[in-house]
Amino acid sequence: MANELLPPYRDATQPVELRVHDLLSRMTLKEKVAQMIQIECSVVSPAALSGLAVGSVLSGGGSAPSERASAREWADMVDNMQQLALASRLGIPILYGTDAVHGHSNLYGATIFPHNIALGATRDGDLARRIGEATALEVRAAGIQWAFAPCVAVLRDPRWGRCYESYSEDTEIVRTMTSIVSGLQGSAPKDHPSGHPFLAGRKNVIACAKHFVGDGGTNKGTNEGNTNCTFEELEAIHMRPYLHCLEQGVSTVMASYSSWNGEPLHSNRYLITDILKGKLGFQGFVVSDWEGLDRLSQPRGSDYRNCILSSINAGIDMVVMVPFRYEKFIEDLIYLVESGNIPMSRIDDAVERILRVKFVAGLFEQPFTDRSLLDVVGCKDHRLLAREAVRKSLVLLKNGNDMRKPFLPLDKNARKILVAGAHADDIGYQCGGWTISWFGCSGRTTIGTTILEGTREAVGNETEIIYEKCPSEASLGDQEYSYAIVAIGEDTYAEFSGDRTQLNIPFDGDNIVSMVASRIPTVVIVISGRPLTIEPELLDRVEALVAAWLPGTEGGGVADVLFGNHNFEGQLPITWFKSVDQLPMNAGDNAYDPLFPLGYGLKMNLDQS
Ligand code: GLC
């Protein structure tokens with residue numbers, strides 16, 4: 001029954017589309033343009049929220065209320081901003097977004113799940129959905145309603161600095177893993193009166209499929225580079241995962257910095273408007289990437305008015321910008337509309353889409369944090385889920401030099417085990433980029449269990465564990481060890497800082513492994529966002545080799561499998577090359593000569609042990 005006393009847009013009993021159009025009809029051009037703006041939290045002001053009424057605020061990679069801020073601090077910050085937004089003339093709530101790409105990775109103490117490349121090794125869509133549910137709770141606990149996830153890039157060259165943000169080189173594996181969208185957003189019955197595939201409550205977040213489209217297919221894996229392919233190839237490889245995201249009602253799509261056949265995605269009307277919104281029927285809104293418009297001009301940010309013209313007319317609905325750009329954005333966009341360069345219908349389409357998402361997300365009825373969620377951050381159940389994901393993501397690439405004498409599982413009651421390597425006792429390395437800070441970093445950056453700590457938990461009381469981060473011939477001396485577990489791998493990185501031309505094992509990992517393995521039967525754990533070059537003599541020298549990717553905070557999952565509590569299940573989500581000179585090299589290529597092919601993964605014979 002309609003509530004006569006409320007304007008329709010404030011009446012939750014009214015259909016979403018009616019509320020959208022009622023509110024739109026009440027907005028000035030300046031208020032509409034403001035809804036199309038997302039600003040970084042560091043530049044938020046009462047003027048921007050209560051005065052201009054910008055549509056959204058974000059915390060970029062590593063941006064937080066304070067060092068190691070608690071969920072409560074985050075929630076207070078977001079709710080205070082919301083109060084200011086609701087004090088604006090029409091009281092439109094803001095959407096607050098963050099990159100929760102493997103758990104709520106900006107939040108100290110949150111559960112950090114394995115990065116996407118690891119999850120791709122599980123091929124387990126239901127696991128992805130459950131991780132989405134847990135992530136949504138830990139994001140909402142901090143007051144945030146929008147996660148810029150999942151990245152559904154189909155990576156085709158591991159030299160790309162965002163390789164680990166992709167689930168796989170295989171579009172079907174990526175498509176399977178996009179079930180995370182239903183976990184993040186929740187799902188409504190098909191015949192729900194809202195007509196929308198989901199109704200995010202206060203335990204769900206708005207998801208964001210990114211980066212549309214072809215971000216993983218750039219030449220040589222150059223970040224923000226150019227993807228050269230036919231439209232049929234773009235559809236068959238890079239666009240297919242978006243279909244599954246749209247089927248689940250994904251609310252937002254982020255445009256890619258990259259280009260397709262030389263045309264930047266941020267100004268590509270054909271792909272954004274004709275294909276994504278037209279042919280595929282996307283009903284949510286398209287958000288730019290961080291300073292995505294600025295990158296349309298060289299030098300970056302010059303000729304901003306033309307960048308606005310080309311991107312908004314291409315179909316970008318919300319624009320992410322950094323400090324103080326928004327006054328100029330408002331001035332320029334209003335000029336472009338009033339001068340007839342951008343039709344008012346384009347502005348109305350963008351704002352309708354933004355308002356639709358806010359209404360469907362329930363923001364008008366429940367704009368503030370559900371404080372009962374505060375205790376879910378880093379809770380036991382979520383950490384157990386993350387540990388399950390670690391176990392299922394490990395890929396066994398070698399197990400003994402003789403099939404009849406497998407090396408794994410290790411004996412829990414072995415007399416003395418050496419645990420070595422820079423990645424054996426380092427939460428920061430386990431988590432990789434997009435963790436607490438944008439690029440991540442080595443060290444005890446958040447709460448979790450390292451591979452060493454997991455090993456100590458797994459073995460019997462009589463077993464002696466010796467840890468050496470940087471073992472040497474001198475330090476090993478003539479000590480007798482049953483086994484050695486050597487964890488090596490990459491430094492942390494994100495985006496452009498991860499682009500490489502060579503993919504050798506960093507930190508002298510080869511020599512450490514060779515030195516240890518020449519003395520002690522050794523299993524190597526590779527902690528990396530992608531395959532690395534494994535020299536044949538190194539592979540011959542070790543007894544076993546495990547790809548652990550970037551497992552996140554629950555490093556105990558590695559020991560769960562090494563000592564046989566669980567078997568290996570992982571299968572390579574990406575081709576493991578012999579040499580970077582072979583790249584790009586993907587399953588299905590004519591010249592396909594990998595060290596380990598896509599899908600490769602051994603199991604242990606646990607019956608014997
Ligand atoms: C970054 C990334 C994008 C992220 C955005 C906001 O540059 O390209 O994935 O969501 O900025 O942090």
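For the single chain, residues carry numbers from 1 onward in sequence order. The shown structure was predicted, so the numbers you read here are calculated from the model rather than taken from an experiment. In each ligand, atom 1 is the first atom listed, and ligand 1 is the first ligand listed.
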Exercise for the section: Return each pair, listed once, that meets salt bridge (charged side-chain N to carboxylate O under 4.0 Å, His left out) where at least one residue sits in residues 69-82; pairs must be two or more places apart or across chains. Expected result: Asp76-Arg371, Asp79-Arg371
Completion exercise
So the atoms of ligand 1 within less than 4.0 Å of a heavy atom of Trp290 turn out to be 7 (O), 11 (O)
Exercise for the section: Specify side chain, backbone, both or neither for Glu165, according to which of its non-hydrogen atoms lie closer than 4.0 Å to ligand 1. Expected result: neither
Exercise for the section: Just jot down the ligand 1 atoms closer than 4.0 angstrom to any heavy atom of Asp289, in number order. Expected result: 1 (C), 2 (C), 3 (C), 4 (C), 5 (C), 7 (O), 8 (O), 11 (O)
Handout entry: Whether Phe364 and Phe359 hold their rings parallel, tilted or perpendicular, with breakpoints at 30° and 60°
Key = parallel
Handout entry: Numbered atoms of ligand 1 (with element) below 4.0 Å of Glu495, judged on heavy atoms
Key = 1 (C), 2 (C), 7 (O), 8 (O)
Practice task
Look only at the side chain of Trp260 and the backbone of Cys229, and say whether a donor-acceptor pair between them is shorter than 3.5 Å.
Solution key: yes
Handout entry: Per-atom contacts of ligand 1 with Met254, taking only distances under 4.0 Å to non-hydrogen atoms
Key = 3 (C), 10 (O)
Handout entry: Spatial distance of atom CG (Asn226) from atom OG1 (Thr218) [nearest 0.5 Å]
Key = 8.5 Å
Problem - Passing candidate, side-chain hydrogen bond (donor to acceptor under 3.5 Å, both in side chains) with Ser251, options Lys358, Gln185, Gln283 - result: Gln185
Exercise for the section: Check ligand 1 against Lys210 and write out every atom of the ligand that is under 4.0 Å from a heavy-atom position of the residue. Expected result: 3 (C), 4 (C), 9 (O), 10 (O)
Handout entry: Heavy-atom nearest option to atom 10 (O) of ligand 1, drawn from Asn223, Val287, Asp99
Key = Asp99
Practice task
Hey, can you tell me if Tyr257 and His266 have their rings parallel, tilted or perpendicular (30° and 60° cut-offs)?
Solution key: parallel
Exercise for the section: Could you pull out, from Phe148, Phe496, Tyr257, the option with a heavy atom nearest to atom 7 (O) of ligand 1? Expected result: Tyr257
Handout entry: Close-contact set for ligand 1 against His211 heavy atoms, below 4.0 Å
Key = 3 (C), 8 (O), 9 (O)
Handout entry: Stepwise side chain to side chain contact (heavy atoms under 4.5 Å, CB included) check, Ser59 with Trp74
Key = CA-CA 10 Å; Ser59 284; Trp74 277 89; 3.3 Å; yes
